[in-house]
**Student:** 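One structure follows; several queries about it will come next.
Read the numbers this way: they start at 1 and go in the same order the structure lists the ligands and their atoms. Please read all numbers here as calculations on a predicted model, not as lab measurements.
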Amino acid sequence: MIHSFDALILGGGAAGLMCAIEAGKRGRRVAVLEHADRLGKKILISGGGRCNFTNIHCQPENFLSSNQHFAKSALARYTPADFLALVEKHRIPYHEKTLGQLFCDRSARDILEMLEEECRSAKVSILVSTQIQEVSRAAGFAVRTANAEFRAPALVVATGGLSIPKIGATSFGYDLARQFGIKIREPWPALVPLVLSAEDRSRYCDLAGVSADVIASCDGEEFREKMLITHRGLSGPAILQISSYWKRPQPIVIDLAPGSEVTAIFRDTKMARDAAAVRGELRKRLPNRLADRWVELHTPASWTNTALADFERYTHAWIIVPAGTEGFEKAEATGGGVDTDELSAKTMECRRVPGLFFIGEVVDVTGHLGGFNFQWAWAAGAAAGRSL
Ligand SMILES: Cc1cc2nc3c(=O)[nH]c(=O)nc-3n(C[C@H](O)[C@H](O)[C@H](O)COP(=O)(O)OP(=O)(O)OC[C@H]3O[C@@H](n4cnc5c(N)ncnc54)[C@H](O)[C@@H]3O)c2cc1C
């Protein structure tokens with residue numbers, strides 16, 4: 001059985017659905033082929049189930065890519081305000097949590113249902129549980145599944161990255177790119193918890209669950225947000241953000257008391273200089289257990305001004321050399337991917353393979369934590385959808 005369309009979209013996640021909606025609205029006959037038993041599984045688990053669907057402060061600087069300019073055009077032509085207009089049209093209640101991050105008040109399901117409804121009104125054909133066996137190109141593109149063949153002059157690859165394989169992530173998009181001779185930047189886990197060395201694990205990981213407001217920095221980038229100690233290392237927004245910039249064997253530097261001088265109190269010469277006093281000061285800035293552990297492990301060798309200055313310096317620059325990351329199983333995003341040199345920044349179409357498009361996370365554009373990855377998926381999806 002052969003089914004013909006104007007465009008085939010592989011992957012029914014954030015980018016694929018947005019692309020289908022934009023193309024369908026313009027009268028194109030589009031089909032979304034999704035291998036999972038339902039659309040948008042990642043949308044449903046995103047933002048702790050509330051989907052941080054965009055960020056109102058979205059800027060090109062919030063993205064990593066080997067070409068810092070590539071995402072600008074798509075992001076400028078489909079903005080957070082555009083997505084918000086859609087959310088408001090569907091009367092979905094939302095709130096700003098922090099730092100411009102917009103979340104659903106109720107559930108991520110609201111966003112998925114909105115996209116599904118938009119697909120219905122744009123007359124998009126949706127096929128779930130569809131296992132793609134082969135993709136070929138002659139006059140147009142042909143996609144063969146177990147019991148049908150789909151043909152179209154345009155093929156959009158929106159199959160996402162490698163993060164969270166247990167909900168359906170595959171290397172399909174990269175494999176397809178290679179099949180057509182398209183360059184790939186080696187994918188790596190981004191926005192991922194870090195694993196500490198055995199020595200640091202034995203020092204800190206019994207404090208699993210403790211979190212603190214810190215500045216984490218690496219490779220000239222820094223993020224001030226919460227850090228969380230885990231059973232194997234460090235996580236929390238500050239660590240996830242900085243993990244995207246970390247490459248082995250670089251160190252990560254953590255300021256445990258941003259913007260304050262812990263030992264300032266000892267300028268008062270009447271103040272006793274001892275572990276109890278320094279612990280008391282640190283407890284004002286850190287959870288008690290972490291403050292106590294820090295002092296226990298780094299008690300100044302003497303109580304001279306020089307020793308106190310060393311303690312102060314180290315408290316603002318805890319140097320960690322992670323043993324690794326928790327990998328794609330726990331990563332919220334995938335760095336690297338289809339090389340942006342291969343794509344038109346305006347349409348996401350391959351320069352060397354007309355009619356073939358790559359959008360969303362499969363492309364070498366990775367957002368910071370905070371709604372930026374979805375904004376990229378919406379923007380790239382819209383860019384391709386409007387050009388089909
Ligand atoms: C736990 C978690 C929480 C997150 N929370 C947020 C958040 O709150 N805000 C934010 O901005 N970003 C968040 N992200 C990142 C965000 O989910 C992704 O960046 C975004 O979903 C990428 O969209 P995409 O359409 O490119 O890929 P996906 O959403 O991954 O969609 C790809 C689709 O392709 C399908 N597919 C894969 N292989 C095949 C194949 N061979 N054949 C057919 N279909 C296939 C998949 O099943 C999937 O439906 C989160 C990620 C994770 C893992």
**Student:** For residues Trp376 and Trp188: do they belong to one hydrophobic cluster (side chain heavy atoms under 4.5 Å, members Ile, Leu, Val, Met, Phe, Trp, Tyr)?
**Tutor:**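 Cluster IDs for Trp376 and Trp188 differ.
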**Student:** Over 60° means perpendicular and under 30° means parallel, so tell me whether Phe53 and Phe83 are parallel, tilted or perpendicular.
**Tutor:**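 Tilted, since the angle between the ring planes falls between 30° and 60°.
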**Student:** A quick test of your reading: do over 12 heavy atoms of other residues, nucleotides or ligands sit less than 6.0 Å from CZ of Arg386?
**Tutor:**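 It does: Arg386 CZ has more than 12 such atoms within range.
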**Student:** For Gln375 and Thr54, which I'm curious about, is there any donor-acceptor pair between the side chains at under 3.5 Å?
**Tutor:**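 Yes, Thr54 and Gln375 have a side-chain donor paired with an acceptor closer than 3.5 Å.
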**Student:** State the atoms of ligand 1, each with its element, that fall below the 4.0 Å cut-off from a heavy-atom position in Ala158.
**Tutor:**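 Taking each heavy atom of Ala158 in turn, ligand 1 has 32 (C), 33 (C), 34 (O) under 4.0 Å.
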**Student:** Between Arg285 and Glu281 (salt bridge meaning N to carboxylate O under 4.0 Å), is one present in this structure?
**Tutor:**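 A salt bridge is present here (some side-chain N lies under 4.0 Å from a carboxylate O).
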**Student:** If you count the atoms of ligand 1 from 1 in the order shown, which ones are under 4.0 Å from a heavy atom of Gly360?
**Tutor:**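 Those qualifying, in numeric order: 26 (O).
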**Student:** Pick whichever of Gly12, Ala14, Ser171 has a heavy atom sitting closest to atom 23 (O) of ligand 1.
**Tutor:**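 The residue whose heavy atom sits nearest atom 23 (O) of ligand 1 is Ala14.
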**Student:** Indicate whether any N or O donor in one side chain lies under 3.5 Å from an N or O acceptor in the other, for Thr79 and Asp82.
**Tutor:**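 Judged by distance alone, the side chains do pair up.
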**Student:** If you measure every N or O of Ser163 against every N or O of ligand 1, does any of those distances drop under 3.5 Å?
**Tutor:**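 N/O-N/O distance under 3.5 Å: no.
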**Student:** At less than 4.0 angstrom from any non-hydrogen atom of Phe372, what atoms of ligand 1 do you find?
**Tutor:**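 Matching atoms, with element in brackets: 11 (O).
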**Student:** Look at atom 49 (O) of ligand 1 and say which protein heavy atom is nearest, naming residue and atom and giving the distance to 0.1 Å.
**Tutor:**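 Ranked first by proximity to atom 49 (O) of ligand 1 is Glu34 OE1, 2.5 Å.
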**Student:** Ignoring angles and geometry beyond distance, decide whether Gln375 reaches within less than 3.5 Å of ligand 1 through its nitrogen or oxygen atoms.
**Tutor:**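 Not met; the criterion fails.
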**Student:** If you measure every N or O of Thr170 against every N or O of ligand 1, does any of those distances drop under 3.5 Å?
**Tutor:**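 It does: an N or O of Thr170 is found under 3.5 Å from an N or O of ligand 1.
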**Student:** Can you say whether the rings of Trp294 and His298 are parallel (under 30°), tilted (30 to 60°) or perpendicular (over 60°)?
**Tutor:**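 It falls in the tilted class, 30° to 60°.
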**Student:** Considering both backbone and side-chain atoms of Phe374, is one of its nitrogen or oxygen atoms within less than 3.5 Å of a nitrogen or oxygen in ligand 1?
**Tutor:**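 N/O-N/O distance below 3.5 Å exists for this pair.
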**Student:** Is Asp292 salt-bridged to Arg283, going by a charged N under 4.0 Å from an acidic O?
**Tutor:**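 Answer for the salt bridge query: yes.
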**Student:** Classify the contact between Ile132 and ligand 1 as side chain, backbone, both or neither, using a heavy-atom distance cut-off of under 4.0 Å.
**Tutor:**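 Looking at Ile132 and ligand 1, just side chain atoms fall under 4.0 Å.
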**Student:** How far is atom 9 (N) of ligand 1 from its nearest protein heavy atom, and which residue and atom name does that atom have?
**Tutor:**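 Scanning the protein heavy atoms, the shortest distance from atom 9 (N) of ligand 1 goes to Asn52 O, 2.9 Å.
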**Student:** At a 4.0 Å threshold, what atoms of ligand 1 neighbour a non-hydrogen atom of Leu33?
**Tutor:**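 It comes down to these atoms of ligand 1: 43 (C), 44 (N).
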**Student:** State whether Glu329 and Lys166 are salt-bridged, where the test is any N-O pair (Lys NZ or Arg NE/NH1/NH2 against Asp/Glu carboxylate O) under 4.0 Å.
**Tutor:**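 No.
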**Student:** Which protein non-hydrogen atom lies closest to atom 31 (O) of ligand 1, naming both residue and atom, and how far is it?
**Tutor:**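 Here the closest protein heavy atom is Gly13 CA, 3.4 Å.
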**Student:** Are Phe172 and His35 near enough that their ring centres are under 6.0 Å apart?
**Tutor:**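 Centroid separation for Phe172 and His35: 6.0 Å or greater.
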**Student:** Could you identify the single nearest non-hydrogen protein atom to atom 25 (O) of ligand 1 and state the distance to 0.1 Å?
**Tutor:**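 Closest protein heavy atom to atom 25 (O) of ligand 1: Ala15 N, 2.9 Å.
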**Student:** Got a salt bridge between Arg293 and Asp206, using NZ or NE/NH1/NH2 to carboxylate O under 4.0 Å?
**Tutor:**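 Salt bridge between Arg293 and Asp206, a charged N being under 4.0 Å from a carboxylate O: yes.
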**Student:** Check for me whether Leu10 has a heavy atom closer than 4.0 Å to any atom of ligand 1.
**Tutor:**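 Judged by the 4.0 Å heavy-atom criterion, Leu10 does not count as contacting ligand 1.
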**Student:** Got a sec: does the NZ of Lys41 have more than 12 other heavy atoms crowding it under 6.0 Å?
**Tutor:**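 Enclosed: over 12 neighbouring heavy atoms sit under 6.0 Å from NZ of Lys41.
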**Student:** Quick test: of every protein heavy atom, which one is nearest to atom 27 (O) of ligand 1, and how far off is it to 0.1 Å?
**Tutor:**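 Ranked first by proximity to atom 27 (O) of ligand 1 is Gly160 CA, 3.4 Å.
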**Student:** What protein heavy atom sits nearest atom 1 (C) of ligand 1, and how far off is it?
**Tutor:**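 In this structure, atom 1 (C) of ligand 1 has Ile45 CD1, 3.6 Å as its nearest protein heavy atom.
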**Student:** For Lys42, counting its heavy atoms only, list the atoms of ligand 1 lying under 4.0 Å from any of them.
**Tutor:**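 Atoms satisfying the 4.0 Å criterion: 17 (O), 21 (O), 29 (O), 30 (O).
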**Student:** Can you tell which of Trp378, Trp376, Phe172 gets a heavy atom nearest to atom 41 (N) of ligand 1?
**Tutor:**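 Considering heavy atoms of Trp378, Trp376, Phe172, the nearest to atom 41 (N) of ligand 1 sits in Phe172.
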**Student:** Might you confirm whether atom CZ of Arg279 has over 12 heavy atoms from other residues, nucleotides or ligands at distances under 6.0 Å?
**Tutor:**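 For Arg279, atom CZ is crowded (more than 12 foreign heavy atoms under 6.0 Å).
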**Student:** Can you check whether Gly47 has an N/O within less than 3.5 Å of an N/O in ligand 1?
**Tutor:**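 Yes - when backbone and side-chain N and O of Gly47 are compared with those of ligand 1, one distance drops under 3.5 Å.
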**Student:** Output yes when the distance from some N or O of ligand 1 to some N or O of Glu361 is under 3.5 Å, and no in every other case.
**Tutor:**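 The answer is yes, given that Glu361 and ligand 1 share an N or O pair closer than 3.5 Å.
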**Student:** Does any N/O atom on Lys41 come nearer than 3.5 Å to any N/O atom on ligand 1?
**Tutor:**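 Such a contact does not occur with ligand 1.
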**Student:** Give the atom numbers and elements of ligand 1 that come within less than 4.0 Å of a heavy atom of Ser46.
**Tutor:**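 Taking each heavy atom of Ser46 in turn, ligand 1 has 3 (C), 4 (C), 5 (N), 6 (C), 7 (C), 8 (O) under 4.0 Å.
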**Student:** Tell me: protein heavy atom nearest atom 43 (C) of ligand 1, and distance?
**Tutor:**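 So the nearest neighbour among protein heavy atoms is His35 N, 3.2 Å.
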**Student:** Before accepting this row, confirm whether a basic side-chain N of the pair Glu22/Arg26 lies closer than 4.0 Å to the acidic partner's carboxylate O.
**Tutor:**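 The answer is no: the pair does not qualify as a salt bridge.
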**Student:** Starting from atom 51 (C) of ligand 1, which protein heavy atom do you reach first, and at what distance in Å?
**Tutor:**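 Ranked first by proximity to atom 51 (C) of ligand 1 is Glu332 O, 3.1 Å.
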**Student:** Does ligand 1 have an atom that lies less than 4.0 angstrom from a heavy atom of Ala333?
**Tutor:**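 Checking ligand 1 against Ala333, which is what was asked, there is no heavy-atom contact under 4.0 Å.
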**Student:** Are a donor atom and an acceptor atom from the side chains of Thr98 and Glu225 found within less than 3.5 Å of each other?
**Tutor:**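 No pair is found: no donor N or O on one side chain lies under 3.5 Å from an acceptor on the other.
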**Student:** Would you say ligand 1 has an N or O under 3.5 Å from any N or O of Ile359?
**Tutor:**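 Min N/O separation from ligand 1 is not below 3.5 Å for Ile359.
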**Student:** Report yes or no: do His90 and Glu113 form a side-chain donor-acceptor pair below 3.5 Å?
**Tutor:**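 No.
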**Student:** Show me which atoms of ligand 1 lie under 4.0 Å from any heavy atom of Ile164.
**Tutor:**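 Listed by number with element, the hits are 53 (C).
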